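Along the sequence shown, residues carry numbers from 1. In this text, all values refer to a predicted model and were calculated from it rather than measured experimentally.
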Amino acid sequence: MISLNDKVVIITGAGGGLGKVYALEFAKRGAKVIVNDLGGSLNGSGNSNKAADLVVNEIIKNGGKAVANYDNLVTNPEGILKTALDNYGTVDILINNAGILKDSSFKNMNENQFIDVLNVHLNGAFKLTKLCWSIFKEKKFGRIIMTASPAGLYGNFGQTNYSCAKLALVGFGETLAKEGYKYNIKTNIISLLAKSRMTEKVLPSHILDKLSPEKIAPLVLFLSSNECPSNGSIYEVAAGLFAQIKWQRSNGLYLNPSDDNLTPELILENFNQIFNFNGKGTDYPIMLKDYNKVWEITSKLPKVK
Ligand code: NAD
């Protein structure tokens, strides 16, 4: 049985949608939950205490422990951490979940729409993670979830702002995984699809019916637990699917040119090889040590004429 007993978890944007379900599930397992939500609209306008209050009331009614926080993640991340410290004295787990949408085709997207979305998803996650990091480091325990999206991994019409923010969170999480490793701080990234106000107007109802947020929460709890074996992984999760995403390198074109005969024409001539994902050189790269392999292979090839 995975226990989250007495773990202090901050969940941003936990007044509704996925964050609310996470909050309820963490509380059921004995965690002390900071339910952060400014209670705004889908595009981030307005605010209300009601969303966070309702979730906290429900948790307390069920016998769990939770406290509400209404701070805007971007302008007052310190307030969110303060709520955790004042009420529970520490923080163990951070679920970076809050988000907004300001969709528009790229032609019509203005700079404010772009920056506002990056501010909440990426800069907000940066600010709060930064505040929690030194606590995690000191106690040699920390669990961080970054909420990415298929839109970030694959792109999606009308979401250049959101795609940028979501893929940036992948890189952010991958680097934190490396920096946190020796302090038992584990960071993982989830790319998900679920029914919420973000998707209910864009997906048909027969699909939405299969996409309850309750189907995402078990992975988030697992990745937040003492038992979590995973660090720096990207998960795709929806409707009961739990899978891992990796980058894939094609078999590739290996040349051994000298600097002055590596020409664009040489690449054109051999272009198809760059697209070959079936060759035995196809691989799943992980940072620098892979380049040793590239150098090893290319240096053994005859010089390109
Ligand atoms: P949602 O709109 O129901 O939840 C987001 C919550 O974040 C809202 O309650 C909102 O008030 C809160 N919030 C927004 N800005 C905030 C701020 N500055 N400070 C504090 N709280 C703020 O949407 P959701 O679908 O539950 O989304 C949760 C996360 O999952 C988001 O990061 C979203 O991008 C991501 N996501 C969702 C889906 C999906 O299919 N629903 C897919 C991929 C990624």
* Would you find more than 12 non-hydrogen atoms of other residues, nucleotides or ligands less than 6.0 Å from F106 atom CZ? -> no
* Structure fact -> Smallest heavy-atom separation, V35 atom then A66 atom, equals CG2-CB, 4.4 Å
* Will you find, in the side chains of S3 and N5, an N or O donor that is under 3.5 Å from an N or O acceptor? -> no
* **4.5 Å side-chain heavy-atom contact, T199 and L193** => yes
* To do: Decide if atom CD of E78 counts as having more than 12 heavy atoms of other residues, nucleotides or ligands within a radius under 6.0 Å.
  => yes
* To do: Keeping the roles fixed (side chain from K215, backbone from K210), state whether a donor-acceptor pair exists under 3.5 Å.
  => yes
* Indicate, with yes or no, if V55 and V67 share a hydrophobic cluster defined by side-chain heavy-atom contacts under 4.5 Å among Ile, Leu, Val, Met, Phe, Trp and Tyr. => no
* To do: Identify the two heavy atoms, one from V220 and one from S224, that lie closest to each other, and give their separation to 0.1 Å.
  => O-OG, 2.7 Å
* Backbone N or O of S233 within a donor-acceptor pair of the N188 side chain at under 3.5 Å? -> yes
* Is the F26-Y22 ring centre distance short of 6.0 angstrom? -> no
* To do: Over 60° means perpendicular and under 30° means parallel, so classify the ring planes of F172 and F126, tilted if in between.
  => tilted
* Asked: With no hydrogens and no angle check, is any side-chain donor or acceptor of N156 less than 3.5 Å from a backbone partner on Q159?
  -> no
* Asked: Would V9 and I11 satisfy side-chain contact (heavy atoms from CB on, under 4.5 Å), going step by step from the backbone distance to the final call?
  -> CA-CA 6 Å; V9 54; I11 308 173; 3.7 Å; yes
* Close side-chain approach of K65 to V33, heavy-atom, < 4.5 Å -> no
* Asked: Which heavy atom in A98 sits nearest to a heavy atom in G13, and how many Å separate them?
  -> CB-N, 3.7 Å
* Structure fact -> So NZ of K102 and CG of N112: to nearest 0.5 Å the spacing works out to 7.0 Å
* Before giving the answer on side-chain hydrogen bond (donor to acceptor under 3.5 Å, both in side chains), spell out for Y70 and S48 the whole-Å C-alpha distance, their side-chain angles and the decisive distance to 0.1 Å. => CA-CA 8 Å; Y70 321 110; S48 150; over 6 Å; no
* Could you tell me the separation between the CG atom of L253 and the CG atom of N276, rounded to the nearest 0.5 Å? => 11.0 Å
* Asked: Any sub-3.5 Å donor-acceptor pair from N69's side-chain atoms to N36's backbone N or O?
  -> no
* Asked: Does the cation-pi check pass for K246 over Y284, that is, NZ or CZ under 6.0 Å from the six-membered ring centre and within 45° of its axis?
  -> yes
* Start with the C-alpha distance between I267 and I274, add both sets of side-chain angles, then the distance that settles side-chain contact (heavy atoms from CB on, under 4.5 Å), and finish with yes or no. => CA-CA 9 Å; I267 294 178; I274 296 178; 4.0 Å; yes
* For the atom pair CD (Q113) and CG (L101), what is the distance rounded to the nearest 0.5 Å? -> 11.5 Å
* Asked: Counting heavy atoms not belonging to F277, are there more than 12 under 6.0 Å from its CZ?
  -> yes
* Asked: Does some side-chain heavy atom of K127 sit less than 4.5 Å from a side-chain heavy atom of L73?
  -> no
* Asked: Can you find a pair of side-chain heavy atoms, one from F157 and one from S105, that are under 4.5 Å apart?
  -> yes
* Provide the closest heavy-atom pair for D53 versus A68 in the form atom of the first, atom of the second, distance. => OD1-CB, 3.7 Å
* How many angstroms lie between NZ in K186 and CG in N226, if you round to the nearest 0.5 Å? -> 9.0 Å
* Asked: What is the minimum heavy-atom distance between D37 and A14, and which atoms define it?
  -> OD2-N, 3.4 Å
* With a 4.5 Å heavy-atom cut-off, do V237 and L241 have their side chains touching? -> no
* Asked: Counting distance only, does the side-chain N/O of H121 pair as donor-acceptor with the main-chain N or O of I100 below 3.5 Å?
  -> yes
* **Heavy-atom side-chain proximity of I80 to I10 below 4.5 angstrom** => yes
* Asked: L94 versus R143: any side-chain heavy-atom pair under 4.5 Å?
  -> no
* To do: Take N231 and I185 through the test side-chain contact (heavy atoms from CB on, under 4.5 Å) and record every step on the way to the result.
  => CA-CA 8 Å; N231 186 30; I185 306 172; over 6 Å; no
* Asked: So, K82 and D71, do they make that salt bridge, N to O below 4.0 Å?
  -> no
* Same cluster or not: are F136 and L4 linked, directly or through other Ile, Leu, Val, Met, Phe, Trp or Tyr residues, by side-chain heavy atoms under 4.5 angstrom apart? -> no
* CG/L192 to CD1/I216 distance, rounded to the nearest 0.5 angstrom? -> 5.0 Å
Distance-only check: which donor-acceptor pairs under 3.5 Å involve side-chain atoms of residues 146-155, not counting sequence neighbours?
| from | atom 1 | to | atom 2 | distance (Å) |
| --- | --- | --- | --- | --- |
| T147 | OG1 | N96 | O | 2.6 |
| S149 | OG | A151 | N | 2.9 |
| Y154 | OH | E236 | OE2 | 2.9 |

* **Derivation and outcome, side-chain hydrogen bond (donor to acceptor under 3.5 Å, both in side chains), residues N123 and N119** => CA-CA 5 Å; N123 297 346; N119 263 340; 2.7 Å; yes
* Asked: According to a 4.5 Å side-chain heavy-atom criterion applied to Ile, Leu, Val, Met, Phe, Trp and Tyr, with indirect links allowed, do L223 and L169 form part of one hydrophobic cluster?
  -> no
* State plainly whether the residues E25 and K28 are in salt-bridge range, i.e. N to O under 4.0 Å. => yes
* Is the charged tip of K7 near the ring of F141: under 6.0 Å from the six-membered ring centre and within 45° of its axis? -> yes
* Asked: Mind checking whether L203 and L211 have side chains closer than 4.5 Å, heavy atoms only?
  -> yes
* To do: State whether the number of non-hydrogen atoms from other residues, nucleotides or ligands found under 6.0 Å of Y254 atom OH is greater than 12.
  => yes
* Check against salt bridge (charged side-chain N to carboxylate O under 4.0 Å, His left out), D92 and K139 -> CA-CA 9 Å; D92 301 291; K139 70 196 300 185; 2.5 Å; yes
* Modelled atom types, side-chain donor and acceptor of T83 and Y88, under 3.5 Å -> no
* **Residues, nucleotides or ligands: over 12 heavy atoms within 6.0 Å of E227 CD** => yes
* **Distance, nearest 0.5 Å, that separates CG of L118 from CD1 of I115** => 8.0 Å
* Going hydrophobic residue to hydrophobic residue with side-chain gaps under 4.5 angstrom, can you get from I234 over to I145? -> no
* To do: Could you tell me whether K32 and D6 make a salt bridge, using a distance below 4.0 angstrom between a side-chain N and a carboxylate O?
  => yes
* Shortest non-hydrogen contact from M198 to Y162? -> SD-OH, 4.1 Å
* To do: Establish whether L18 and I34 are linked, either directly or via other cluster members, by ILVMFWY side-chain heavy-atom contacts under 4.5 Å.
  => no
* Show the numbers, then the answer: is there a side-chain contact (heavy atoms from CB on, under 4.5 Å) between E174 and I189? => CA-CA 8 Å; E174 293 289 0; I189 303 118; 4.1 Å; yes
* Would you say the side-chain atoms of N251 pair up with the backbone N or O of N278, donor to acceptor, closer than 3.5 Å? -> no
* Is there a donor-acceptor contact under 3.5 Å from the side chain of N62 to the main chain of E58? -> yes
